[in-house]
Number of protein chains: 2
Amino acid sequence: MDYNPDHILPSISTDSIIFGLDDDKLKVLLMKRVIEPVGKWSLPGGFVLEHEDLDIAARRILDHTTGMNNVYMEQVHTFGEVDRFPGRRVITVAYYALINYTLENLKPGPEASEIHWVDITQLPELAFDHRHIIDIALVRLQAKVRTEPIGFELLPAKFTLTQLQRLYEAVLGTAFDTRNFRKKILKMNLLLPLNESQTGVPHRAARYYSFNNDTYVKLKKKGFTFEL
Amino acid sequence: MDYNPDHILPSISTDSIIFGLDDDKLKVLLMKRVIEPVGKWSLPGGFVLEHEDLDIAARRILDHTTGMNNVYMEQVHTFGEVDRFPGRRVITVAYYALINYTLENLKPGPEASEIHWVDITQLPELAFDHRHIIDIALVRLQAKVRTEPIGFELLPAKFTLTQLQRLYEAVLGTAFDTRNFRKKILKMNLLLPLNESQTGVPHRAARYYSFNNDTYVKLKKKGFTFEL
DNA sequence: GCAAAAGTGTTCTTCGTACACCCATGC
DNA sequence: GCATGGGTGTACGAAGAACACTTTTGC
């Protein structure tokens, strides 16, 4: 038994699907690899250390490959097909996160030459089974958005109702009726209207809202049904 | 790199939460251990082989420890805290299954002295983090029952509406109004009324139903919202 | 005939849905 | 003054929720 704290578990990795919202497009963070398969795009990922909780490994690896930290991550699924990784057996645990991508400064780690936000509808060819992993994570995100409030992580602190609607539309890939969307979301008592509006826009300025944290936390626990 | 097909991955196991319905009680299958920690109750589980897909390992291990096979299993979550397993690092992938427990002949494997169905509300003290794993699996099952038809796996081929209602009540831990439950479930076109009733019961005989397989499969894909 | 569970309808309220026009702002 | 997106209400139908009595059977 080897308790060297840097000893890695060579058969267990984590990969992260980082979702961000760019205006009305849902994007995912990909890196261009400088290790095998060189030049291919992949999810940020790496191996778990022997002394390290799985959840913590996911966070460390994300920080290491992209410079992001303090990101809330949730486990999605574990991919364990024999031949999913070339040359040896590697089982990977996928985590996903939702972040407000405009705030982040991306710093590629030693295993990536570039990191980029890529539109979920326009993914390039990906290494390993990473395309499949993203598909599964997206399905999970879509289920989540229908049963729990999301947005807190994906939007800036102040946002307009249109931004929130665009978020739901981008995640679910459908369009909503503006009046019905507002009616439904406002009735939840989830949003706090602020005494502040957009400035410098060439059209009527939209009011800003923020999340009512109490309701947000309560609804996270209790769940709801969002269908329009 | 070792490709001996029997080489195990010593740091990766699977554990299974097998749910069954006993009349109006939701039960889970536990085994009494003959390996460490001897005498404690635990979920059926074991180590993944190097040449073996994760999903297949889960099925092999369940067969080996309980004699059950051809059970549909679904991955729930992967538990990877450093100290969850004593003495060395083991990450476990949990799978759950729903079965019609009365049909099964349980045959304890070499790692169990007894296997028993235990009421989900009366779990004994369990080895490792298995209590936590069951809690997570139950939450997942409760989410599933609200968005997809279940029952096909948990009930006999012919069942009464009361049995189906008891299933929902056992899983969700709440009582439903009989008239509203029937109205809702019958409107889904999910059930086929049979020309057959209970016999030998000391009260009015209930009609038997079976699942309409076409609708069942369609609703599995499409999903629904079940709330009463 | 009695105990025990099966079976059945109506009313009220809430919620989803469809739909079109005026408002505020920058240029 | 025009282009652009912000913001608002109503009517209809569907679905959820609450609620009590009769029926059938075995003993």
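All chains are named by letter (A, B, ...) in the order of the sequence lines, taking the proteins before the strands, and each is independently numbered beginning at 1.
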Quick one: [X] [atom1] to [N] [atom2], roughly how many Å, whole number?
| X | N | atom1 | atom2 | value |
| --- | --- | --- | --- | --- |
| B:Arg207 | C:dG7 | CZ | C1' | 11 Å |
| A:Phe181 | D:dT8 | CZ | C1' | 16 Å |
| A:Arg204 | C:dC22 | CZ | P | 14 Å |
| A:Ile185 | D:dT8 | CD1 | P | 15 Å |
| A:Asn180 | D:dG9 | CG | C1' | 11 Å |
| B:Met188 | D:dA14 | CE | P | 17 Å |
| A:Phe176 | C:dC19 | CZ | P | 17 Å |
| A:Phe224 | C:dC15 | CZ | C1' | 15 Å |

| How about A:Pro149 and A:Phe211: do any of their side-chain heavy atoms sit closer than 4.5 Å? |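 Heavy-atom side-chain distance check fails, nothing below 4.5 Å.
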| message | Is any side-chain heavy atom of A:Val38 closer than 4.5 Å to one of A:Arg33? | response |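 The answer is no; the side chains never approach within 4.5 Å.
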| request: Check whether any side-chain N or O of A:Arg179 sits under 4.0 Å from OP1 or OP2 of D:dG9, and answer yes or no. | output: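 For D:dG9, neither OP1 nor OP2 has a side-chain N or O of A:Arg179 closer than 4.0 Å.
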| request: Might you point out which heavy atoms bring B:Tyr96 and B:Lys144 nearest each other, and give the distance in Å? | output: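 Nearest pair, atom of B:Tyr96 first, then B:Lys144: OH-CD, 2.8 Å.
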| In terms of side-chain heavy atoms of A:Lys187, which of C:dC15, C:dA6, D:dG7 is nearest? |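 Shortest atom-to-atom distance from the side chain points to C:dC15.
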| message | Heavy atoms from C-beta onward define the side chain here; which of C:dG7, D:dT8, D:dG6 lies closest to that of A:Thr162? | response |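 My answer, after comparing the listed nucleotides, is D:dG6.
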| field | Comparing A:Pro202 and A:Lys183 on DNA chain C - which has the more 5′ nearest nucleotide | value |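 The residue mapped nearer the 5' terminus is A:Lys183.
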| task | Using the closest heavy atom to pick a nucleotide of DNA chain C for each, name whichever of A:Asp177 or A:Gly200 lands nearer the 5' end. | result |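 Nearer the 5' end of the strand: A:Asp177.
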| Hey, which of these two, B:Thr178 or B:Lys184, hits DNA chain D nearer its 5' end, going by closest nucleotide? |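 Result of the comparison: B:Lys184.
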| task | Salt-bridge test for A:Asp214 and A:Lys218: reply yes if a basic N is under 4.0 Å from a carboxylate O, no otherwise. | result |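 Salt bridge flag = no for A:Lys218 with A:Asp214.
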| said: My understanding is that only one of A:Tyr209, A:Tyr72, A:Phe159, A:Tyr216 makes a ring-ring contact (aromatic ring centres under 6.0 Å, His included) with A:Phe152; could you say which? | reply: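 Only match with A:Phe152 under ring-ring contact (aromatic ring centres under 6.0 Å, His included): A:Tyr216.
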